[in-house]
Amino acid sequence: MTAPLTDREIAKGRANDRIGAALVTETDGMRIWHLRVPPGETHPPHRHDRPYFWTVLTDGTARSRFDDGRVGDVTYTNGQTQHFPDLSQDDAFVHDLTNTGETELVFVTVEFTKQGEDT
């Protein structure tokens, strides 16, 4: 898909906090997700509104469409990690992820559910 997310997809994405396909574990402060995206398949629009990081376990390529109209292509390398340490409700974003390559994309994502709490 190269067309931007539609208003309907964005609205669905804002209501979808499943940033992975399978929630592996949840503690008081984090959620760990697994995501497997076969070639040609799309992980649906979802929102990111908390600090998180992902690590990809396979090489591959993908395309993401964002709620601000951007469409971006990415090449992933096994072991690559990206961290979004300052993400919050104020700068949340919605996107999807389509596997444009020939091999399955596999990610582990850790989402931090406690933020800015006084101790």
Side-chain angles (χ1 to χ4, degrees):
M1 284 186 217
T2 57
L5 288 172
T6 65
D7 290 343
R8 183 172 181 221
E9 288 173 313
I10 292 169
K12 281 186 170 184
R14 286 185 181 138
N16 180 12
D17 70 348
R18 294 189 56 81
I19 66 171
L23 180 59
V24 177
T25 191
E26 185 169 9
T27 70
D28 195 30
M30 70 178 174
R31 298 192 297 182
I32 300 174
W33 297 90
H34 286 176
L35 176 60
R36 302 179 83 90
V37 185
E41 296 294 316
T42 299
H43 184 64
H46 55 279
R47 79 173 183 277
H48 290 279
D49 59 3
R50 300 179 179 114
Y52 75 101
F53 70 87
W54 55 256
T55 299
V56 65
L57 305 178
T58 55
D59 294 339
T61 59
R63 174 171 293 135
S64 282
R65 301 176 304 149
F66 294 86
D67 57 346
D68 65 1
R70 288 180 295 132
V71 177
D73 293 315
V74 179
T75 299
Y76 295 104
T77 304
N78 180 12
Q80 179 181 354
T81 299
Q82 188 165 359
H83 189 206
F84 298 83
D86 300 320
L87 200 57
S88 71
Q89 300 275 334
D90 294 333
D91 56 2
F93 66 92
V94 170
H95 78 111
D96 67 359
L97 180 74
T98 299
N99 183 341
T100 58
E102 297 179 6
T103 59
E104 183 176 51
L105 286 172
V106 179
F107 294 85
V108 174
T109 302
V110 177
E111 178 182 35
F112 299 98
T113 56
K114 284 191 174 182
Q115 41 184 317
E117 293 184 7
D118 294 330
T119 57

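Basis for what follows: all heavy atoms, side chains included, without hydrogens, waters or symmetry-related copies. All values derive from a computational prediction rather than experimental measurement.
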> Mind checking what makes side chain to side chain contact (heavy atoms under 4.5 Å, CB included) contact with Thr75, not counting sequence neighbours?
Replying inline: Thr61
> Partners of Arg70 by salt bridge (Lys or Arg N to Asp or Glu O under 4.0 Å), sequence neighbours excluded?
Replying inline: Asp68
>> Tell me which pairs pass ring-ring contact (aromatic ring centres under 6.0 Å, His included) where either residue lies in residues 2-48, with sequence neighbours left out.
In response: His43-His46, His46-His48, His46-His95, His48-Tyr52, His48-Phe93, His48-His95
> Just by modelled atom types, is the Arg47 backbone N or O under 3.5 Å from a matching donor or acceptor in the Asp17 side chain?
Replying inline: no
> Using a distance-only test with no angle check, is there a side-chain donor-acceptor pair under 3.5 angstrom linking Asn99 and Glu41?
Replying inline: no
> Residues two or more places apart in sequence or in another chain: which of them pass side chain to side chain contact (heavy atoms under 4.5 Å, CB included) with Asp28?
Replying inline: Lys114
> Which residues satisfy the salt bridge (Lys or Arg N to Asp or Glu O under 4.0 Å) test with Arg14, sequence neighbours excluded?
Replying inline: none
> Of the non-hydrogen atoms in Pro39 and Gly101, which two are nearest, and what is the gap between them?
Replying inline: CB-O, 3.3 Å
> Leu35 pairs by side chain to side chain contact (heavy atoms under 4.5 Å, CB included) with which of Thr109, Leu105, Leu97?
Replying inline: Leu97
> Quick check: does any side chain N or O of Arg65 sit under 3.5 Å from a backbone N or O of Thr2, one acting as donor and the other as acceptor?
Replying inline: no
>> To the closest 0.5 Å, what do you measure between CD1 (Ile32) and CD (Glu111)?
In response: 11.0 Å
>> Given 3.5 Å as the limit, does a donor-acceptor pair link the side chain of Thr58 with the main chain of Val106, or not?
In response: yes
> To the nearest 0.5 Å, how far apart are OG1 in Thr113 and CZ in Arg31?
Replying inline: 7.0 Å
> Can any side-chain N or O of Arg8 pair as donor or acceptor with the backbone N or O of Ala11 at less than 3.5 Å?
Replying inline: no
> Closest heavy-atom contact between Leu5 and Glu9?
Replying inline: CA-OE1, 3.4 Å
> Do the side chain of Thr27 and the main chain of Gly29 share a donor and acceptor less than 3.5 angstrom apart?
Replying inline: yes
>> Test of understanding: with side chain to side chain contact (heavy atoms under 4.5 Å, CB included), list the residues that count as partners of Asp73, not counting sequence neighbours.
In response: Arg63
>> Atom CG of residue position Asp7 - does it have more than 12 heavy atoms of other residues, nucleotides or ligands inside 6.0 Å?
In response: no
>> Donor-acceptor check, side chain of Thr98 to backbone of Ala62, threshold 3.5 angstrom: yes or no?
In response: no
> Can you check whether Tyr76 reaches Trp54 side chain to side chain, under 4.5 Å on heavy atoms?
Replying inline: yes
